[in-house]
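Right, one structure below, let's go through it.
Just so you know, these numbers use all the heavy atoms, side chains as well, and skip hydrogens, waters and symmetry mates. All ligand and atom numbering here is 1-based and tracks the order in the structure.
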Amino acid sequence: MSLAGSASETSPPQVSQLAQNCWYAVASSFAFRKGPVAVPFAGHDFVLFPDAEGLPRLFSDRCPHRGASLALGQLEEGGCLRCPFHGWKFAADGTCLEAPAEPAGASPPARSDLVGERPAVESRGFIWMWWGSGPPDPALLPDLPVFPDEAWGHVESSFDWETHYSRVIESNLDNSHAYWVHKGTFASQDSPLSVPVDLRKEDRMIAATVSFELPVKGALKLLRTLSGQSGPLCATTTFSFYYPNLNIVDTSIGDQLRFIFFNASLPQSDTHTLARWVKYSKRKRFRLPGSEAQSIAISRTIFEEDHGVVRSQRPTPVPLDLTQERHVASDILSIEYRRMHRRWLSSEAAVTMARPEPLGS
Ligand code: FES
Ligand SMILES: [Fe+2]
């Protein structure tokens, strides 16, 4: 019997097109405040938690004692983290403070501190992890638009995609699939298609807007008739993307409804992406019991509709050579995403010439 672990235990999966030297959104601020939070990323496991000042700390998610996940543990006073297995306690800088089963007065053994710390900052509703061998550059933090204020409610959840993170990002930039993929939920093939307009491009941001009509049927039709509303129900969606992994989908329906959806795509492998999402909507005066669970369930159904098709796309990473797939006017955002991604990957190769050292975990 070999004493070495299997390859899958010892070497993280390779993730193609994994952008280096940039900030990845890895968890919402809401989840972070409740912490600790597991942050699986490209075959590595991290634990995220707030220190005594509420600042994010991110370490390898392995207890030095017996390898339990500290993300299953609990936060304690002073920004400390307690392991769920035998109760070892760690300070926010990773120092092991207590090993409770040791005789009274004994110090924790050598090499019992947390390892593999990575830079992390909180900004605009998310925790961002620096990934790369270069020094963290605050100027590269994505400049998200101002966040919804107290008048907005939110729900959040996650979704596992069986594909590369670039395909998830593109599906959140793509409008023209709605009529074919989402006809069971919110889209209608009777409505005219529209191409994105008002394209905005910056170095690491793209955005464009589409307008469309929603089907009016059932209870909604009755409600609109009773309130004297007639004609099509018009909606507008602005799709934005902030490099390397955050999509925003901002939808207004008629004059009444607006919801803003933030989606962070965490690369795991070429065939697995963990999406963490937050959906904001204007707070309603009366909130029915179970409405949050229902809101999450609706989003999940829509993702499952997407996933049924997106996981079939090959190759799983998007082709960066634009001649490899055919493009039409409605693909403008995915074309711009591929250009941006290719630009970043090629410039980083020129600058760094190397991948980061393996983490000390
Ligand atoms: S595994 Fe963490 S205290 Fe034992
Ligand atoms: Fe979709």
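Note on atom 4 (Fe) of ligand 1: protein N, O or S atoms under 2.8 Å away count 2, no waters included.
Here ring-ring contact (aromatic ring centres under 6.0 Å, His included) pairs that include residues 50-73, with residues two or more places apart or in two chains, are His65-His86, His65-Trp88. A salt bridge (charged side-chain N to carboxylate O under 4.0 Å, His left out) check over residues 125-148, counting only residues at least two apart or in different chains, returns the pairs Arg124-Asp143. The side-chain hydrogen bond (donor to acceptor under 3.5 Å, both in side chains) analysis of residues 26-39, with sequence neighbours excluded, yields the pairs Ser28-Glu156, Ser29-Glu122, Arg33-Glu122.
With ring centers used as reference points, Trp277 lies under 6.0 Å from Phe261.
Considering the Fe ion (ligand 2) as centre, the angle to NE2 of His182 and to NE2 of His177 is 100° (10° rounding).
Between Phe303 and Trp161, the ring planes lie perpendicular to each other; the angle is over 60°, past the 30° to 60° tilted range.
Metal site remark for the Fe ion (ligand 2): Asp306 contributes an N, O or S atom at a distance under 2.8 Å.
In the model, Ser69 has a side-chain atom that pairs as donor or acceptor with a side-chain atom of Asp61 under 3.5 Å.
The number of heavy-atom neighbours closer than 6.0 Å to CD of Gln324, taken from other residues, nucleotides and ligands shown, is above 12.
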